[in-house]
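Throughout, residue positions are numbered sequentially from 1 according to the sequence presented.
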Amino acid sequence: MAGEASAYPNLFSELRVGSRTLRNRIALPATLTNYGVANRITARWTDFLVERARGGAGLIVSEVIAVDPNAIAQGAIVTGFDDANADGFRRTADGVRAAGGCLVAQLWHPGRQQLWHPTISPMGVSDQPDAYSWTVPHVMSEADIAQAVDAYVSVAARLRSYGLDGVELHGAHGYLITQFLSPWSNTRADGYGGGLENRARFVREVAGGIREACGPDFIVGLKMPAQEGVAGGIDVDEAARITAHLAPLGLLDYVAYAQGNFSLSLEDHVPDITYRPGHFIDLHKRLRPVAGGIPVMALGRIGTPELAEKVVAEGHGDLVGLTRAQIADAAFASKARAGRAAEIRPSVFDNYCWGEVHAGKPLREFHNPHLGEAGEAGWTPPPADRPRDVVVVGAGPGGLEAAWVAAARGHRVTVLGASDEVGGRLRFEAALPGRADMARVYRHQKHLADEHRVAFRLGRRATPDDVRALRPDTVVIATGSGLRFPATLSPDSAPVVSVRDYVSGRHGGGTALLFDQDHTAATYATADLLARDFGRVILMSPRPHLAQHVNYCSAIGVHRRLHANGVVQILAAEPVEFKDKTVRYVNVFTRRDDSIADVDLLVYATPRIVDEPLSAALADLEVHLVGDCQSPRDLMAAIHGGHAVGLAL
């Protein structure tokens, strides 16, 4: 195996964490899945973790485990303070261990960020409101603090009895432990507030209690901020002081560094596609020397084996936390180790998966249809009963997914595409500022299609005769959709173009107006592009708010860039006339009108229109519709729909 891992020798070297030896440096950091039901472990909750161990990760950190009833947020959060989940924990620990991984559970208390439960009162270190919701907590008494310490210790001891290898104390993202550690959130005047030693007392008592109850062979890790991103909070210098204070005490076996809290710096918590790869690893490199030899986990937009190898080789961290990379591909580690890095399904860090769980839905990823299923890490398309001739019309992500899956099952597949290149409308998005990594999705699909010998005929819009000439047994139509002209404007308005047409033929001027009925990240990236080309950009939407279809963390960045670029926002409005360089618009609630002069261009992002002229002419054949040409939706629907059709053929 050493030869197979030679491309990443540091990443695939063993590491001692406490009394345990990890097989490599790859960790799955805690990630909320919402796979729990009624606060209980489900098979999918377990399978998600076990499959990442089967996929080769060395350290597996569970999602948050509520340490006492006050920490329950909603039904998907698993409890650790009673024996109701005993069997589930045992099954999970046994499965991870059998797969060669080491399982630790993340112990969690939200403190003042108890934002989801309808009846449980938030409890906080001080009386400052939560920065996200402005919720004001009940201030914890010293008796409350002692009870919380006992809760952490009790849960850790219970998990040890179930066979888990350790626990990680969640002290990042502004939750309870962060609230103690941070001078921004801790304004107490007693023995738990003030100077660093007092602010770190809660961590010392929790970690010390766990060490005493569980012994030296039980891993105790701490996840804490490298920087909170708020004035007066934990910055890298304060993080270094906290680390230097805790490290010599012998209580911690590793430290993981994260970023951001529930203020606007929450976008740093899951740095998205607009951030640099490995955006924060230099902070972690500054902190590692003060850890006194305790392994340090670096994390934050690390998505390739090459970057993960650099993290270890150059001393940024001893462990590499890869969350979204292993959500995209459970077998990230085993593929990299075996020299099959090109087969790793890439994460593009657009935070779709984070948006799903933040909305209370189960974790999903748009290009991993088998996420959280048993067998996910080793999944391959099952062979077809008999090979068939399949024609796929459309080379966007939906068509490409159907094509490679069908070909992998043994079908003979030909893809017809109107453009000279694959990618469909995703190519338009990948050309926008900050969205270039979206191209990795269709490039990976094209790689799989080539591996399975899919034939491509590109550069010409397919006709019914073109399809029939190939004598298909079945036809998959994935021709996408177009943007409809704004219904409120006269068709002779000018100059008016769609966002896609604008990206294809850019030009500049004084003022551009972007009419937004889309609310996706691509539309706001178009606003960024317009801000480069025009002296003034106006963003108008009929909704009273923006970014409806952007996950909250990434939406923070959207708003930050709009304001930084000086984009004028006119909300609850729609254009009704554009002539002689004047846009007349009305408020959607009052119908009062106003106008904007000297507008050089109106660009629109509107609800889409199906582009599907073929199925009626091919009614005598077996035809399947995939993606936007069936019903214009999102990338998730296109890829998952194409995948399902590929499996059904």
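- With hydrogens and angles ignored, the 3.5 Å screen pairs no side-chain donor or acceptor of Tyr604 with any backbone N or O of Val496.
- With a 6.0 Å radius and a threshold of 12 heavy atoms from other residues, nucleotides or ligands, Lys581 has its NZ atom above the threshold.
- Here the side chain of His549 pairs no donor or acceptor atom with the backbone of Ala521 at under 3.5 angstrom.
- Salt-bridge annotation for Arg301 and Asp437: present, with a side-chain N of the basic residue lying under 4.0 Å from a carboxylate O of the acidic one.
- Asp594 places no side-chain N or O within donor-acceptor distance of the main-chain N or O of Arg584, the cut-off being under 3.5 Å.
- Listed for the Asn34 side chain is a donor-acceptor partner under 3.5 Å among the backbone atoms of Val357.
- Using bins of under 30°, 30° to 60° and over 60° for the plane-to-plane angle, the ring pair His284/Tyr257 lands in the parallel bin.
- Note: Ile639 CD1 to Asp634 CG = 9.5 Å, rounded to the nearest 0.5 Å.
- Using a 3.5 Å distance cut-off with no hydrogens or angles, the side chains of Thr178 and Glu228 do not pair a donor with an acceptor.
- Side chain of Arg543 to backbone of Ser541: no donor-acceptor contact under 3.5 angstrom is found.
- Counted by atom type alone, Asp466 and Thr463 present one or more donor-acceptor pairs between their side chains at under 3.5 Å.
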- Would you sort out whether Tyr524 and His559 count as a side-chain contact (heavy atoms from CB on, under 4.5 Å), showing the intermediate values? CA-CA 9 Å; Tyr524 303 114; His559 291 292; over 6 Å; no
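- Although no hydrogens or angles enter the test, the distance criterion places no donor-acceptor pair under 3.5 Å between the side chain of Ser265 and the main chain of Asp268.
- Using a 4.0 Å cut-off between charged nitrogen and carboxylate oxygen, Arg425 and Asp611 do not count as a salt-bridge pair.
- Side-chain atoms of Leu562 and Leu546, non-hydrogen and from C-beta on, do get closer than 4.5 Å to each other.
- Ion pairing between a basic and an acidic side chain is recognised when a charged N comes within 4.0 Å of a carboxylate O; Asp528 and Arg532 show no such pairing.
- Of the possible donor and acceptor atoms, none in the side chain of Glu429 sits under 3.5 Å from a partner among the backbone N and O of Ala522.
- Note that CZ of Phe366 and CD of Glu401 are 11.0 Å apart. Values are rounded to the nearest 0.5 Å.
- Heavy atoms only, all atoms of each residue included: Cys629 and Val610 are closest at O-CG1, 3.1 Å.
- A donor-acceptor distance shorter than 3.5 angstrom exists from the side chain of Thr606 to the backbone of Arg484, with no hydrogens or angles considered.
- In terms of modelled atom types and a separation under 3.5 Å, the side chain of Tyr35 and the main chain of Leu363 share a donor-acceptor contact.
- The shortest heavy-atom contact between Gly278 and Ile302 is CA-CG1, 4.3 Å.
- A salt bridge between Arg468 and Asp620 is present, with a side-chain N of the basic residue lying under 4.0 Å from a carboxylate O of the acidic one.
- One finds the NE2 atom of His447 at 13.5 Å from the CG atom of Leu400 (value rounded to the nearest 0.5 Å).
- Of the inter-residue distances, the one linking Cys353 atom SG with Asn368 atom CG reads 10.0 Å to the nearest 0.5 angstrom.
- A side-chain donor from one of Asn551 and Ser554 sits under 3.5 Å from a side-chain acceptor of the other.
- For Trp404 and His367, the distance between ring centers is not under 6.0 angstrom.
- Below 30°, between 30° and 60°, or above 60°: for His370 and His643 the angle between ring planes is above 60°, a perpendicular geometry.
- Judged by distance alone, the side chains of Asn261 and Ser263 do bring a donor and an acceptor atom under 3.5 Å apart.
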- Message: With side-chain contact (heavy atoms from CB on, under 4.5 Å) as the criterion, how do Arg561 and Thr274 come out once you've worked through the C-alpha distance, each side chain's angles and the decisive distance to 0.1 Å?
- Response: CA-CA 11 Å; Arg561 288 186 295 276; Thr274 63; 3.7 Å; yes
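- Side-chain contact between Arg457 and Leu470: present, with at least one pair of heavy atoms (C-beta onward) separated by less than 4.5 Å.
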- Between Arg427 and Tyr442, is a side-chain contact (heavy atoms from CB on, under 4.5 Å) present by the stated rule, with each step listed? CA-CA 8 Å; Arg427 281 180 52 238; Tyr442 59 81; 3.2 Å; yes
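- A salt bridge does not link Arg345 with Glu365: none of the charged nitrogens is closer than 4.0 Å to a carboxylate oxygen.
- Counting only heavy atoms from C-beta outward, the side chains of Leu513 and Phe578 never approach each other to under 4.5 Å.
- If you check the side chains of Gln179 and Ser185, you find no donor sitting under 3.5 Å from an acceptor.
- Under 4.0 Å is where a charged nitrogen must lie from a carboxylate oxygen, and between Glu574 and Arg591 at least one such pair does.
- Between Leu432 and Ala525, the shortest heavy-atom distance links the atoms CB-CB, 3.8 Å.
- Here the side chain of Arg440 pairs a donor or acceptor atom with the backbone of Ser347 at under 3.5 angstrom.
- Residue Arg506 qualifies as enclosed at atom CZ: its count of foreign heavy atoms under 6.0 Å is above 12.
- The CH2 atom of Trp184 lies 8.5 Å from the CD atom of Gln128; values are rounded to the nearest 0.5 Å.
- A pairwise comparison of heavy atoms in Ala431 and Val503 identifies CB-CG1, 4.0 Å as the closest pair.
- Closest heavy-atom contact between Met540 and Ala573: CG-O, 3.5 Å.
- Note: Leu649 CG to His624 NE2 = 5.0 Å, rounded to the nearest 0.5 Å.
- Taking each heavy atom of Tyr552 and Trp354 in turn, the nearest pair found is N-CZ3, 3.9 Å.
- Ion pairing between a basic and an acidic side chain is recognised when a charged N comes within 4.0 Å of a carboxylate O; Asp598 and Arg536 show no such pairing.
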- Message: Between Val391 and Val393, does the side-chain contact (heavy atoms from CB on, under 4.5 Å) criterion hold? Intermediate values first, please.
- Response: CA-CA 6 Å; Val391 171; Val393 184; 4.1 Å; yes
